[in-house]
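Model, not experiment: these values are computed from the prediction. FYI, the numbering just counts along the sequence from 1. Computed over heavy atoms, backbone and side chain alike; hydrogens, waters and symmetry mates excluded.
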Amino acid sequence: MINHENLKNRIQLYSQTTFGSSFEELLDTEKYVVLSKALMENVLPLWTESRNALAGKRRAFYLSSEYLMGRFLTNNLINMGAKEEVEKLLDEMGIEYDSIEESEEDPALGNGGLGRLAACFLDSAATLGYPLDGYGIRYDFGLFKQKIKDKEQVEEADNWTKFGDPWGIRKVKETVLVAFRGSEIRAVPYDYPVIGYGHKMINTLRLWKAESLEEFDFKAFNDQNYDLAVKAKNDAENIAKVLYPNDSYEEGKKLRLKQQYFFVSASLQDIVRRYKKENNSIEGFADKHAIQLNDTHPAVAIPELMRILTKLEGMEWNSAWKIVKNVFGYTNHTLMAEALEQWPVRYYEELIPQIYEIIQRINYMLLEELAGYGITHDQFHKYEIINNGNIRMAWLSIYGSKSVNGVARLHTDLLINQELRDWYRLYPWKFNNKTNGITQRRWLLQSNPELSSLVSELLGGDEWITDLAKLKELERFAWDEAILERFRGIKQLKKSQLAEYIKYTEGVDIDPGSIYDIQIKRLHEYKRQLLNALHIIHLYFRIKEDPELDIHPRTFIFGAKAAPGYIRAKGIIRLINDIKELVNNDPVVSNRIKVVFVQNYRVSYAEKLFPAADVSEQISTAGKEASGTGNMKFMLNGAPTLGTYDGANIEIVEEAGEENNYIFGLRVEDIKAIGDTYDPKEVYNNNPNLKRALDSLVDGTFKDDTGVYREIYNSLLYGADWHRPDNYYVLKDFEEYRLAQEKIDRDYRNSIEWARKCWLNLVNSGKFSSDRTIEEYSREIWSIEKI
Ligand code: 26W
């Protein structure tokens, strides 16, 4: 498919014209840029063809402030079906592909689950042939890079384009202007190809860069006012400068509001402009477009589309509203109250007054509608979009959309029965569930080629790559010991590879014969890394008092970034690193258990961790994790879940069997039932193991010069002024967690039985392909057809 001579010539040409020397002499990062640029030529024809095929068709757009795409090169090569060819070609030139692959900066334009979900969705839509394009922000700096220094998280800027951005095409001609009060900003699009697996369709991810209308004020410069000379430029560029590092905590920063309006306005103007090129009237807009709001971050799209339709297109308010209500869908990704966006009215007035006016009118319309339903004034506060000086973005999103969905069954049930109960009563037809999924292309085919080969061999083909439900046909091999042995061998290999990488990146020696027990996700109290940590402390003391303790060696691996302002989360990172020092440096204990904290957890690190896992830690407080998607990546790579009845864990064990997983702890109904009667001190006083572990936070076991361990200890036993003691039931769930861990320790020793559990997880993971999720969105919300 790829003409070798041609590609080689292009590679040499780009090497010379871009970096001034031959390809062989370039740095790996430069080789990456040159190779990618050269490959673009193989992408363009299909990309153009795919765009042309969209003319007149109904299409969907995904608006998201975050995309965690992961590295492009390998993924694009695999999806183009050209990876082996290119590897061979490089080999002929005496160049190793792997080091080029590893030199690519991992673009971290997202925080966690929400951003990675967006990336999986784009991959699935392009693969299945659905017309779904993404819109977002081309941040100059992605999520901070994390280093651990003296046990603590240190943040560094992530200049992800410093060696170039070969997959992004700057389309200056399609620049649009975005108006804020008193200033206009240029939004310049960068297009990234989203190549479907099998290379049959290429969709587009369009990310906007913020630029200034005026580059430079010459007069100010002449007057030696250098800062002023570039002020307009800096102010404009600051809008897309950096991704806000908060995940599930809303901070209400003006610049963040500017980011939201900036990319939303640019995207909608772009969509409308394209539509008008093909159509002479805007009336039919809703028939041709579905726009999905990835959480409320792009919710300002609702009043912005109203503005465009009424003020620019001259439509009547009511006809415009009909269109708006038929175009948008809203996905909710969290039940955490502190993550629900509310913007102070004064920010809107100050930055985008033209939009605030429209929101006010939408709010009046809502109240009139409520009155029409016979809802009395004293009930209005439950629904008001503008309430108490704030704009409630979730309320705006629900009112202005035709569909509202949660991301796992439990999550949607909780939305309907609790958080959004009042809205559900009003518009039951809007509510629906779309359980999340992940793309098997990146999370199995790419990250675990060895297991992929075994799967293809046993299935006699590779249809599973685009039809994950096929895996179910492999269920019968769960009783074939020869196959289970091969499966075990692959896991062993992935564990050795990870051990080598961890040695290289973290300098820690780990034993591939130990159980790899992995918890990788953002650091948050509700995710309860602390529960895991306390249990390790407990094991430490157990081994100290009984060095002969009969346990299988275990390696506890953590990866997590904390929001820079989240003090307690940072304290937990420090604690884990303190435990790591204590455990790994103890000659008796370190032969039995080890602790690793992988620095700068990100997509490319994740690709090495999931395939090597023996145990998947999914231990959030029941009712708090909307879905989780890491849980699915572990399952797909054959790791049983140690988890609570929360998010998608419930559906995972429903598919794979409870007997093949380790479920423990309080359920949503239990938490409801114990309510205010819960007293963590009682639990603490009655459980010596727990008491000993928890006391270590304050008894000098760890040096606590900042007092953060004392603060964590107090938060569990006494609470804080903003929450009750042990708000996340860490102490309450400790004993059941410990017992579940003991069971894992016993079960793991029967290696065939264990392999069978792992296998049954793998073969039952079909439901969790994002292909399935995208099919559901396409059919039930977007009403789009495959091209
Ligand atoms: C405004 C601050 C902020 C930033 C991000 C608040 C909330 C968010 C996201 C909604 C947090 C998030 O990523 N949620 C995760 O979404 C995943 C994809 O649906 C789910 O699998 C995770 O359970 C959920 O935590």
Side-chain angles (χ1 to χ4, degrees), residues 481 484-485 487-489 491-492 494-496 498-499 502 508-519 529-558 576 578-596 612-619 634 638-643 658-665 686-696 701 731 733-759 761:
E481 295 204 1
L484 292 182
E485 271 307 325
F487 178 48
R488 254 165 48 81
K491 181 64 81 180
Q492 220 35 64
K494 300 315 279 181
K495 288 171 73 174
S496 301
L498 180 64
I502 283 180
V508 181
D509 280 305
I510 61 173
D511 169 15
S514 65
I515 301 172
Y516 285 13
D517 180 324
I518 307 189
Q519 187 172 20
Q529 281 94 350
L530 186 56
L531 175 57
N532 189 344
L534 287 172
H535 174 252
I536 301 171
I537 298 175
H538 156 71
L539 281 181
Y540 168 81
F541 287 126
R542 281 290 290 130
I543 297 168
K544 287 302 266 188
E545 70 187 2
D546 177 8
E548 301 303 308
L549 186 72
D550 180 28
I551 56 164
H552 191 93
R554 207 182 290 214
T555 305
F556 294 96
I557 301 174
F558 293 85
I576 293 166
D578 243 326
I579 299 170
K580 170 191 148 194
E581 295 296 317
L582 180 74
V583 165
N584 297 4
N585 293 326
D586 187 303
V588 176
V589 180
S590 65
N591 284 325
R592 328 294 302 283
I593 60 174
K594 273 261 166 81
V595 178
V596 179
D614 293 309
V615 177
S616 159
E617 297 260 3
Q618 309 300 335
I619 59 178
F634 281 110
T641 297
L642 166 56
E658 226 179 296
E659 66 286 6
N660 300 311
N661 290 285
Y662 298 84
I663 297 299
F664 72 95
N686 289 312
N687 186 333
N689 286 324
L690 172 62
K691 185 166 188 310
R692 180 169 60 179
L694 189 57
D695 286 347
S696 75
T701 305
L731 307 190
D733 273 344
F734 180 85
E735 189 59 16
E736 275 203 38
Y737 178 72
R738 190 183 70 75
L739 292 171
Q741 284 285 27
E742 261 184 19
K743 185 161 192 311
I744 288 175
D745 177 70
R746 287 192 303 274
D747 290 357
Y748 188 84
R749 302 174 199 211
N750 185 337
S751 55
I752 281 297
E753 278 298 321
W754 183 265
R756 182 171 299 135
K757 283 185 203 294
C758 296
W759 187 258
N761 273 282

Would you find a donor on one side and an acceptor on the other, under 3.5 Å apart, between the side chain of [X] and the backbone of [Y]?
X	Y	result
N591	P587	yes
N761	N660	yes
R592	L549	yes
D517	V615	no

A side-chain contact here means heavy atoms from C-beta on lying under 4.5 Å apart; do [X] and [Y] qualify?
X	Y	answer
R488	E481	no
I551	I593	yes
F556	I576	no
W754	I744	yes
D747	Y662	yes
L498	K495	no
S616	P640	no

How would you list, by chain and number, every residue that makes a side chain to side chain donor-acceptor pair (under 3.5 Å) with [X], sequence neighbours excluded?
X	value
D550	R749
T555	S514
K580	none
D546	none

Residues which pass side-chain contact (heavy atoms from CB on, under 4.5 Å) with [X], listed by chain and number, not counting sequence neighbours:
X	value
L739	E735, E742
D695	Y684, K691, D699, Y713
R756	A478, W479, L484, I752, E753, L760
E736	F664

Can you name the closest pair of heavy atoms from [X] and [Y] and give their distance?
X	Y	value
A499	Y516	CB-OH, 3.6 Å
A639	A613	CB-O, 3.6 Å
K594	D509	NZ-O, 2.8 Å
F487	C758	CE2-CB, 3.5 Å

Rounded to the nearest 0.5 Å, what's the gap from [atom1] on [X] to [atom2] on [Y]? Could you check?
X	Y	atom1	atom2	result
I619	L531	CD1	CG	4.5 Å
N532	I557	CG	CD1	11.0 Å
K757	E659	NZ	CD	7.5 Å
L642	F634	CG	CZ	11.0 Å
Q492	E485	CD	CD	10.5 Å

Which pairs would a plain distance check flag for residues 537-545, meaning a side-chain donor or acceptor within less than 3.5 Å of a matching protein atom at least two apart in sequence or in another chain?
from : atom 1 : to   : atom 2 : distance (Å)
R542 : NH1    : E545 : OE2    : 2.8
K544 : NZ     : D586 : OD2    : 2.5
E545 : OE1    : R692 : NH1    : 2.9

The salt bridge (charged side-chain N to carboxylate O under 4.0 Å, His left out) partners of K491 (sequence neighbours excluded) come to none
| said: For F734 and L694: C-alpha separation, side-chain torsions, deciding distance, then whether side-chain contact (heavy atoms from CB on, under 4.5 Å) applies. | reply: CA-CA 11 Å; F734 180 85; L694 189 57; over 6 Å; no
task: Indicate yes or no: does R554 engage D614 in a salt bridge with an N to O separation below 4.0 Å.
output: no
